[in-house]
Amino acid sequence: MSRQAIVKKKLTVSIIGAGRLGGALALALTERGYSVEALVSRHPNQARARRLASNRVLALSPHQLATLPPSKLILIATPDDVIGEVAATLATLMKRSSRGRTVMHTSGVLSSEALSPLAVLGFHTGSIHPLVSVSESIEGAAGLAGAYYCLEGDAAALRIARALVRDLSGHSFTIAAEHKALYHAAAVMASGHLTALVDTANELLTHCGLDQASAGRVLWPLIASAVKNLATADAAQALTGPFARGDLATVSRHLKALAANGQTEALELYRLLGQRSLRMMEEKGGVDPIRTRRIRKALSSLAKGRS
Ligand SMILES: NC(=O)c1ccc[n+]([C@@H]2O[C@H](COP(=O)([O-])OP(=O)(O)OC[C@H]3O[C@@H](n4cnc5c(N)ncnc54)[C@H](OP(=O)(O)O)[C@@H]3O)[C@@H](O)[C@H]2O)c1
């Protein structure tokens, strides 16, 4: 859709939850010609809300939801735990104003079911989850372009969501409501858990004498090259290291070193992810099956406390 068409359409939007993602959406949607009418946050007068809300945008607190403008689209970008509460409040306040209006939340784990009090009133409901990590609104707004968005909801909400994603230069896909928790577990594995894994590696390097900052610095090119390989090949092809080579002696040394240094948590992570790497190599057929079996035995002996 041309920029002219977007501006002409000027869908009006209110965003409840002007935090990291809500703020990024407010900035990106405004930039793409949407008319952001209101931003709701618990501290509307604080600097962040003031900076994001231009003079034309109302900055409201959750207690002022009764004064929310009649925007065609309401995006709820609050913490997951309060989405149900916000939906119930909106349903109480907007009993007779659902016609042609859509409410969507941005949670990865919850489905549009969380908005059922509004669906009952005739609002179109859905969820729109960008598969991207937004730690700050201004940079986050730029990061929304090119991201993949998981959509779910009723047909009319999906139409609005797809158009919105297109306008943000993103890509959309849909899943069934019952798969949202599993979908979000996958997202956490690929993002938050990846970060936790890198943190574990950092900590191991500090036991080798590096300070925190150096540990992060020396690992970064390795991490970047692994991510780059993942972007261009399937996971089994991208895998390097002792599991890809079937290096039993190397894996055994790692296991012993982790145990000897009291790294119980890292050992458990190493063991679990090692099992996964072995499975990938088995499926790819790239490693001698006898070696694979021996490595698996070494990993599971450790699990039974026999390493
Ligand atoms: N950040 C990401 O990378 C990301 C990515 C994809 C999806 N999401 C989803 O987006 C949603 C928000 O995440 P976030 O990271 O942006 O969280 P966040 O930065 O903590 O922002 C949450 C916002 O909600 C406001 N808020 C809290 N309780 C409220 C209430 N009862 N009524 C109205 N507003 C309330 C907070 O107010 P204060 O400003 O006063 O604290 C804050 O502005 C979550 O559903 C999350 O799963 C986030």
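Just so you know, ligand 1 is whichever comes first in the structure, and atom 1 is the first atom listed for that ligand. We number each residue from 1, following the sequence as shown.
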Open item on the list: Tell me the contacting part of His129 for ligand 1: side chain, backbone, both, or neither, using a 4.0 Å heavy-atom threshold, strictly below.
Closed with: side chain
Open item on the list: Around atom CD of Glu139, are there more than 12 heavy atoms from other residues, nucleotides or ligands closer than 6.0 Å?
Closed with: no
Task: Thr174 side chain to Arg162 side chain, donor-acceptor N/O pair below 3.5 angstrom - done: no
Open item on the list: Within ligand 1, which atoms have a heavy atom of Val132 less than 4.0 Å away?
Closed with: 3 (O), 5 (C)
Task: Nearest-option assignment for atom 22 (C) of ligand 1, heavy atoms, candidates Gly17, Cys150, Pro79 - done: Pro79
- [ ] Apply salt bridge (charged side-chain N to carboxylate O under 4.0 Å, His left out) to Asp247 and list each qualifying residue two or more places apart in sequence or on a separate chain.
- [x] Arg245
Open item on the list: Under 4.0 Å from a heavy atom of Ser107: which atoms of ligand 1 are those, numbered in the order shown and with their elements?
Closed with: 45 (O), 47 (O)
Task: Glu37 and Ser71: side chain donor to acceptor below 3.5 Å - done: yes
- [ ] For ligand 1, find out whether one of its N or O atoms is nearer than 3.5 Å to an N or O atom of Val134.
- [x] yes
TODO: Could you list the atoms of ligand 1 found under 4.0 angstrom from a heavy atom of Ala18?
DONE: 43 (O)
Open item on the list: Evaluate Ser133 for polar contact with ligand 1, using N/O atom pairs at a separation under 3.5 Å.
Closed with: no
Open item on the list: So if I apply the side-chain contact (heavy atoms from CB on, under 4.5 Å) rule between Leu75 and each of Val103, Leu29, Ile16, Val36, which one comes out positive?
Closed with: Leu29
TODO: Say whether Gly19, considering both its backbone and side-chain N or O atoms, lies within less than 3.5 Å of an N or O atom on ligand 1.
DONE: yes
Task: Qualifying residue for side chain to side chain donor-acceptor pair (under 3.5 Å) with Lys180, from Ser111, Ser127, Ser107 - done: Ser127
Task: Min N/O separation Leu21 to ligand 1 under 3.5 Å - done: yes
TODO: Please check if atom OH in Tyr148 has more than 12 non-hydrogen atoms from other residues, nucleotides or ligands closer than 6.0 Å.
DONE: no
Task: Numbering as shown, the atoms of ligand 1 that approach Pro130 to under 4.0 Å (heavy-atom distance) - done: 6 (C)
TODO: With heavy atoms of Ile16 as the reference, note each atom of ligand 1 found under 4.0 Å away.
DONE: 33 (C)
Task: Among Gly22, Ala24, Ala77, closest by any non-hydrogen atom to atom 13 (O) of ligand 1 - done: Ala77
Open item on the list: Within ligand 1, which atoms have a heavy atom of Ser41 less than 4.0 Å away?
Closed with: 39 (O), 40 (O), 43 (O)
- [ ] Fit a plane to each ring of His129 and His184, take the angle between them on a 0 to 90° scale, and name the class: parallel (under 30°), tilted (30 to 60°) or perpendicular (over 60°).
- [x] perpendicular
Task: Partners meeting salt bridge (charged side-chain N to carboxylate O under 4.0 Å, His left out) with Glu283 (sequence neighbours left out) - done: Arg279
